[in-house]
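Working notes, structure below.
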Amino acid sequence: MKAGDSWECPYCGKSSFLKKESVMDGWKKTGEVLRCAACSAFVENVVESSASGKSCPDGAGDSKKAFLAFLGEDEEEKQAAFSTMEREECRFCRDCKYRVMTAFQIFCTKHEKEVGPMEDCPDFIRRPDSES
């Protein structure tokens with residue numbers, strides 16, 4: 001049986017269909033079960049077949065390691081590249097010394113206009129309190 005199949009439920013006596021639900025242990029998914037859509041009575045556990053094409057590479061249990069293996073780079077190199085990009089290339093108005101924030105707008109005192117927090121400015125000077 002699979003999700004969506006029609007089902008004559010012996011528990012509620014209705015003609016219904018099967019629905020698939022996840023079984024959770026806290027925030028971790030431990031499996032899936034089939035239930036009656038009308039009364040939510042348990043029907044059977046869902047067993048994944050290996051023919052579905054969902055094969056995981058070694059170490060895929062740890063999602064971070066699997067992601068890094070997929071990218072094929074070292075994590076420290078990525079962090080260093082991101083930190084460099086963050087310091088050198090990100091010149092957002094939210095981090096600029098000319099920014100004045102009010103409850104209703106963000107104002108640029110250099111260009112005397114309202115700006116968005118993620119706008120990029122050629123006259124950018126980093127605020128001392130936004131240093132990372």
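Hydrophobic clustering of Ile, Leu, Val, Met, Phe, Trp and Tyr side chains at less than 4.5 Å, counting indirect connections, unites V115 with M101. The cluster map of Ile, Leu, Val, Met, Phe, Trp and Tyr, joined by side-chain heavy atoms under 4.5 Å apart, puts I106 and Y98 in different clusters.
Looking at C108 and C121, their side chains never come closer than 4.5 Å, going by heavy atoms from C-beta outward.
Checking side-chain atoms of S22 against main-chain N and O of M24 turns up no donor-acceptor pair under 3.5 Å. Using modelled atom types, no side-chain atom of R127 and backbone atom of D95 make a donor-acceptor pair closer than 3.5 Å. The closest donor-acceptor contact from the side chain of E112 to the backbone of T109 lies at 3.5 Å or more, if one exists at all.
When hydrophobic side chains of Ile, Leu, Val, Met, Phe, Trp and Tyr are connected at separations under 4.5 Å, V33 ends up clustered with V23, F42. Its side chain outside the 4.5 Å cluster rule for every partner, Y11 clusters with none of the Ile, Leu, Val, Met, Phe, Trp and Tyr residues.
Across all their heavy atoms, K19 and A37 have their closest contact at CD-CA, 4.0 Å. The shortest heavy-atom contact between C36 and W7 is CB-NE1, 3.8 Å.
Here the straight-line distance linking atom CD of E119 with atom NE2 of H111 works out to 10.0 Å at 0.5 Å rounding. In this structure, NZ in K97 is found 9.0 Å from NZ in K110, a value given to the nearest 0.5 Å. Annotation: the span from F17 atom CZ to S6 atom OG amounts to 10.5 Å, rounded to 0.5 Å.
Qualifying salt bridge (charged side-chain N to carboxylate O under 4.0 Å, His left out) partners for R35, counting only residues two or more places apart in sequence or in other chains: E21.
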